[in-house]
2 protein chains.
Amino acid sequence: MLDSQIALQKLRTYLKENQLRFTSERVILLEEIFSFPAHFDAEQLFIHVRNKHNHISRATVYRSLELFHKIGILKKEDLGKKGYASYEVALDRPHHDHLICVVCGKLIEFVDDVIEQHQTAICEKYGMEMIGHQLQIYGRCKEHRKE
Amino acid sequence: MLDSQIALQKLRTYLKENQLRFTSERVILLEEIFSFPAHFDAEQLFIHVRNKHNHISRATVYRSLELFHKIGILKKEDLGKKGYASYEVALDRPHHDHLICVVCGKLIEFVDDVIEQHQTAICEKYGMEMIGHQLQIYGRCKEHRKE
DNA sequence: TTCCATGCAAAGAATTTGCATCTAT
DNA sequence: ATAGATGCAAATTCTTTGCATGGAA
């Protein structure tokens with residue numbers, strides 16, 4: 001099954017369970033998210049969606065992103081400390097962290113099992129129940145390194 | 001030598017090298033930062049400094065924090081996605097990462113050498129020149145865990 | 001028919017900026 | 001004397017909210 005279908009299913013289930021409404025705006029936004037680059041922000045989504053559906057407001061975009069995040073369809077992140085939130089689809093993608101070039105903003109995703117394991121161990125050590133984590137490494141990429 | 005003295009020295013050197021001014025406001029702010037809890041934000045510093053020095057403006061606080069960060073006296077971080085930046089002194093403290101309780105906001109610092117080493121290895125793998133990194137683990141602390 | 005969701009504009013929160021004035025060099 | 005620095009208030013940027021209206025259940 002496609003991620004977008006799983007997401008739609010998740011949305012439908014969550015809304016039903018909580019007696020919330022399955023609106024066309026929520027469906028449109030969800031569809032657009034899946035026709036999108038991996039990382040995006042509220043404004044990008046708003047601009048993109050406005051092309052086809054110019055009745056959808058910025059407020060609904062923000063409210064829906066929050067909803068999708070709560071349901072677990074989206075991950076919310078602060079990448080590059082730019083003063084706004086980034087989102088990415090959270091489904092069926094192995095957890096990964098980010099390398100960020102401070103010069104050009106290029107994003108490289110990576111996974112490291114040892115780091116993951118150590119995080120789990122650290123939580124246990126401090127009696128913490130882990131919910132999630134974020135690791136960002138800042139640097140200069142191949143094209144912009146100085147040495 | 002005390003951290004605060006090292007920081008002052010760093011500031012003095014940087015300003016001279018760049019033909020910038022060594023002002024009383026910058027000295028006051030630097031002093032107050034060292035009489036502060038480890039993690040703070042711009043507003044907290046502003047309020048604190050205003051008690052004794054009520055001519056210092058919010059704008060100068062922001063401008064100075066940016067300066068101190070550029071020099072390397074402060075680290076700037078996004079903790080807990082609260083919509084504002086956190087700062088902490090960057091001198092003479094071993095690098096550490098953060099465990100953050102999503103219920104009460106409690107912050108636990110930790111260091112893990114294996115994680116550090118793997119980060120370096122990952123940068124090499126991708127041809128990246130590492131500048132810094134941030135790792136935040138979100139969860140529920142001992143007092144707030146559910147299981 | 002009942003509430004939840006939406007659009008709009010206004011409000012908020014954090015941060016930045018324009019400009020006249022001040023001050024370190 | 002000459003820029004850079006400051007204070008103030010206004011402007012920006014990203015996000016949230018109040019309220020009247022619209023629409024799923």
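Note on naming: letters A, B, ... go to the chains in the order of the sequence lines (proteins, then strands), and numbering restarts at 1 for each one.
- In plain terms, the two heavy atoms of A:S57 and A:R50 that are nearest each other are CA-NH2, 4.0 Å.
- Rounding to whole angstrom units, CD of residue B:E43 and P of C:dA14 are separated by 7 Å.
- When the C1' atom of D:dA5 is taken as reference, atom CZ of B:F68 falls 13 Å away, rounded to whole Å.
- In this structure, A:H39 has its ring center under 6.0 Å from that of A:H98.
- As rounded to whole Å, 12 Å separates atom C1' of C:dC4 from atom CG of A:L67.
- Residue A:R12 is out of contact with every strand shown, counting any heavy-atom pair closer than 4.0 Å.
- Base engagement by A:Y62 is indicated by at least one non-hydrogen atom pair under 4.0 Å involving a base atom.
- If you look at A:H133 and B:Y138, their ring centroids are not closer than 6.0 Å.
- Between the base of D:dA3 and the side chain of B:R21 there is a donor-acceptor pair shorter than 3.5 Å.
- Classification of B:K142 and A:E129 as a salt-bridged pair fails, no side-chain N sitting under 4.0 Å from a carboxylate O.
- Within the structure, a side-chain polar atom (N or O) of A:T23 is placed less than 4.0 Å from OP1 or OP2 of C:dT6.
- Among the heavy atoms of the strands lying under 4.0 Å from B:R63 is at least one base atom, whether or not backbone atoms are also near.
- Nearest-nucleotide assignment on DNA chain D puts the 5′-proximal partner with B:L20, out of B:N54 and B:L20.
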